[in-house]
Amino acid sequence: MLSKVSSRSFSSSALARASAPIKITSAPLAVSPAVSSLKVIVNGAGSKSGPAGLAHLTSTFSFLDTQSKSALRLKRESEFLGGAYKSYVTRDAIVLDATFLKEDLPYFVTALGSVLTESTYKPHELSEIVLPAVKATYNAAVSSASFIALEELHALSFRKGLGSPLYFDGTKSYSVEDISAFAKSAFTADAVEIVSSNVTESDLQSFIADSAFSSLPASGLASSAKPATFVGAESRIRSAGPTAAAIGLPIEDASTYALLSAYLTSEIESTLSTQISTSIKTYKDASLFYFVAESSSSAEVAAAIKKAAAALKSAKGLAKFAKLAQFQTGLTGGKDTVSVSKFNYVAVGDIDALPFADEL
Amino acid sequence: MFSKRFLSTSVAKAKITQLANGLTVATKSVPSSTSTIGLYSAAGSRAENPYNSGVSTLLGSVLAKSAYSSSLASGVIVSSSNSKETTGVTFSFANGALSDALSVFEKTLSTKAVESTFSDAELIKSEAEKAASFSESLEEKPIERVLEHLTSTAFQSTSLALPTYGKAETVGTLEPMDLTSFFGKYFINSNLALVGTGDVDHEKLIEFASKLTFASGVKPVTKPAKFLGSEVRLRDDTLPSAYVAIAAKGESVLSPNYYVAKVAAKVNGSYSTASPFYKLQGGKLADLVSEYHLADTFSHFSTSYSDTGLWGFVTKSSNIDNLDDLIHFTLKDWGRLSTSISEAEIERAKSALKVELLGTEVTPLEASDKLASDALVSGFEASAAEIVSRIDKVTTSDVTKWAQATLYDQDIAVSGTGQIEALFDYNRIRNDMSMMRW
Amino acid sequence: MASLTSVAKAAATITKNPFLIKIFSPAAKIFTSYSGYRQMGLKLDDILIEETPVMQKAISRLPASESYARNYRILTAHQLSLSHHVLSAAKSVKPEEDDAYLTPYILQAEFEAQEKEELDNAVFQKA
């Protein structure tokens, strides 16, 4: 540690205080060496936590007014410095993502810390900025039939928690007090994880110690228990536009299902008119295997989903797809055969043309 | 003080070697769990003519398809990529599986393999049908459509005007002979680059390249493209919005003003009402557009080809009645680049450009396309430090001088689709490229 | 027009100084009673000029109930004006009811406008 001489000089007290409980990891340089990036991952603040949609609203409130700086000033200053930031919600976490020129690290550490500790959650921001933005995100997402199918697949597989919708869909109404209370309970030191890229770690630690990050409250974040999972359910959603069908199930043995998804990739190819996607969604406390087909032709979707279901019921000789599985998911190993009798099934769009679960 | 540190840490510099037979080998390390190798020819849609338009796309997809299924199990994904000036067949694989990829490469692109693929009339026919419907599907996407037609009208009657993925009516009729003759003419050592991105050893790739047996010959010459002020309108009131692209002649890849034009495009940058921050962003045009809801999105670009370019913007507006205001105020704002742009605006644009060029994460496959185009078109890829220093050197007066010569009172190409009733006629729009007063 | 921000600043100076309060407070009371808006059923914040971007923004941010009450008071005042009446002392707005319900929103909107003006005209300085 001491052998690493930083190019900046710091007061020793700053370094001494850098024992914040915040977890810092560094990722390989993903972009150019002139640019750094910081990802602040707030675990447990994702859409699986709290009432449906609240996490998405809270995430969209990021980088707006704080006690020390207005949203406008932050935006304009970072434009001058050369920085871009965004916030998005996953099922597990709220992620604040900033990319900036390497020399602007202290500015963005401060800005990210402020988002978590001193956002003011003003009512007019909710109506003027946040609600239109979440609506745009939601509308863009649900224009895809596969997205709707995968959301429903999560709902069938997990019901609550991971089964909650990813985005705010407008069915409930939340006040800024609700949002602020959710943020206050979720934004705690032990929930926060910082992933840095192209940043001198000792610099980062001392900047974090000097920033609002160090004032994040420590809280006994309940370690999440394994969520209950469900299989054998079917859901059919009639809607206009393209048709999609998805099958999937909550899984434990990710390696084998990585093989299965590699196998399905090669068995059922995407065509110009039909998009096939199959993979594993990995979350902190569970994983979901899925296969989804989308097309403007419902007959093609029906054919693809039948094939996939048949493969799921008895797939043999998976081992020879080990290399493809490694390419797609990075996973190795896994069993040579899969036989699943019960899975979840979602049909979206022109559902008259799609089979029922028991016909698969 | 910190800018100096960029130089010492610039690790991801591309290595480019030209072999004695003329073949270019280029590699670049990209942090990722996967890697890509690819063979690219410096011949894209620009090397086609109106009668074989789409042949480069078809050639790539036929070659990729010939090996796709059989190589999946070995963990190598074969795909093809096309641009106006390049055609490539790429092989993506998990890091460490380079030998698998090289063997698939051989199976796909050896002289014998190519010959047998090109004699498979059935494969070519089915891929041609697919390529035709792909080309049609692009026409269904309004933004892609206006941009393709913008290039098409701006460089009309030159081969740069041909659509990148071919014309549906010609690509569907192409025959094996078209592929063979295109391959014979453009897949020659002097016109080819073997590219590796991700975790690919440069020396290993050179060793592999030296064993390749593509034909030799003089690099084919591309006819220069000439810009013509013109317009194309594809009015379609069934679309929900108006989509318009306008551009003046821009800078080529090797132009000394390449970065000046890029900075100028970043002064007004891009705008999208889908962003939570769109009302907060700086820029006079963005301010005006958000204040009066003139557009849903706009994006300024400086696109460069080997000998010419396009500088302009593309927009989508659901406020169709005020489209004339949007165009007028946008072009007026371009006028400020020649007259009264402030130093603060230029500095902001430079910062934004740096972050965009250097801060965007790319997959090895994307990096491969870019590296190939750099290696084949300009012969080098600028390192991060070079990009930073060239952008830093751009001054306000550089931009002003460039704009006075390139934008002020210059001809423009206009392309529009959707509900463009309120898109004024060419001369009214052209008049906004200059001002009665300064 | 002087911004409400400067008015608020002046008011703060006055209320901090017992001597100034002694002068201004009775004067303000007399001024308010002579201006007569309370007899028209209005609060002070109802009669501020509203045809400005700042005021429009402030008014648009009022909670629904405040906005409704404001419109109702303005309608009442119009009706009174039309019929050449004023409210009886019992029905007119009491001094304690005459709260500055809109002022915080105006101050916020003025702050935003002023900050935007400043940032729009930021000058680049070489470090």
Side-chain angles (χ1 to χ4, degrees), chain A residues 7-9 34 36 57 60-61 63-85 100-108 110-111 114 118-133 135 170 172-180, chain C residues 1 3-9 12 43-74 99-127:
Chain A
S7 59
R8 281 172 181 246
S9 56
S36 306
L57 288 173
T60 314
F61 249 109
F63 303 108
L64 296 185
D65 286 4
T66 63
Q67 278 153 28
S68 53
K69 199 171 277 186
S70 72
L72 182 76
R73 190 172 288 275
L74 176 68
K75 178 77 186 151
R76 297 297 178 89
E77 283 178 353
S78 45
E79 280 177 352
F80 270 105
L81 291 171
Y85 50 75
F100 45 87
L101 299 179
K102 201 171 160 68
E103 65 266 32
D104 300 333
L105 177 65
Y107 180 87
F108 282 95
T110 309
S114 297
E118 47 168 33
S119 285
T120 45
Y121 304 104
K122 291 177 181 152
H124 71 261
E125 292 180 322
L126 179 62
S127 56
E128 291 173 15
I129 298 176
V130 175
L131 284 174
K135 204 174 155 197
K172 288 187 179 172
S173 160
Y174 298 108
S175 68
V176 284
E177 287 76 25
D178 299 331
I179 295 167
S180 158
Chain C
M1 191 189 98
S3 68
L4 198 64
T5 310
S6 61
V7 174
K9 238 183 227 165
K43 299 181 180 182
L44 178 62
D45 281 2
D46 295 337
I47 56 172
L48 299 176
I49 295 169
E50 67 166 59
E51 289 83 4
T52 64
V54 163
M55 284 295 281
Q56 287 302 311
K57 185 166 262 182
I59 291 167
S60 77
R61 289 174 180 179
L62 278 175
S65 58
E66 287 281 17
S67 180
Y68 181 87
R70 172 189 164 90
N71 289 340
Y72 188 81
R73 288 193 299 273
I74 291 173
D99 57 345
Y101 69 97
L102 187 57
T103 302
Y105 296 93
I106 305 174
L107 292 176
Q108 168 73 19
E110 278 183 356
F111 169 78
E112 286 173 16
Q114 186 242 327
E115 185 179 49
K116 183 164 185 327
E117 177 75 17
E118 179 198 324
L119 289 167
D120 278 347
N121 298 296
V123 176
F124 176 71
Q125 283 176 328
K126 280 231 160 67

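Convention: sequence-line order gives letters A, B, ...; per-chain numbering from 1.
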Report task. For residues C/L119 and A/E79, determine if any side-chain heavy atom of one lies less than 4.5 Å from a side-chain heavy atom of the other. Result -> no

Query raised in the report: For A/K135, does the NZ atom sit with more than 12 other heavy atoms under 6.0 Å from it, leaving out its own atoms?
Result: no

Query raised in the report: Is it the backbone or the side chain of A/E128 that comes under 4.5 Å from a heavy atom of chain C, or both, or neither?
Result: side chain

Query raised in the report: Between A/R76, A/K122, A/H124, which shows the greatest number of heavy-atom pairs under 4.5 Å with chain C?
Result: A/H124

Query - Gap separating the NZ atom of C/K116 from the CG atom of A/L72, nearest 0.5 angstrom - result: 7.0 Å

Query - Under-4.0 Å salt bridge between C/E118 and A/R73 - result: yes

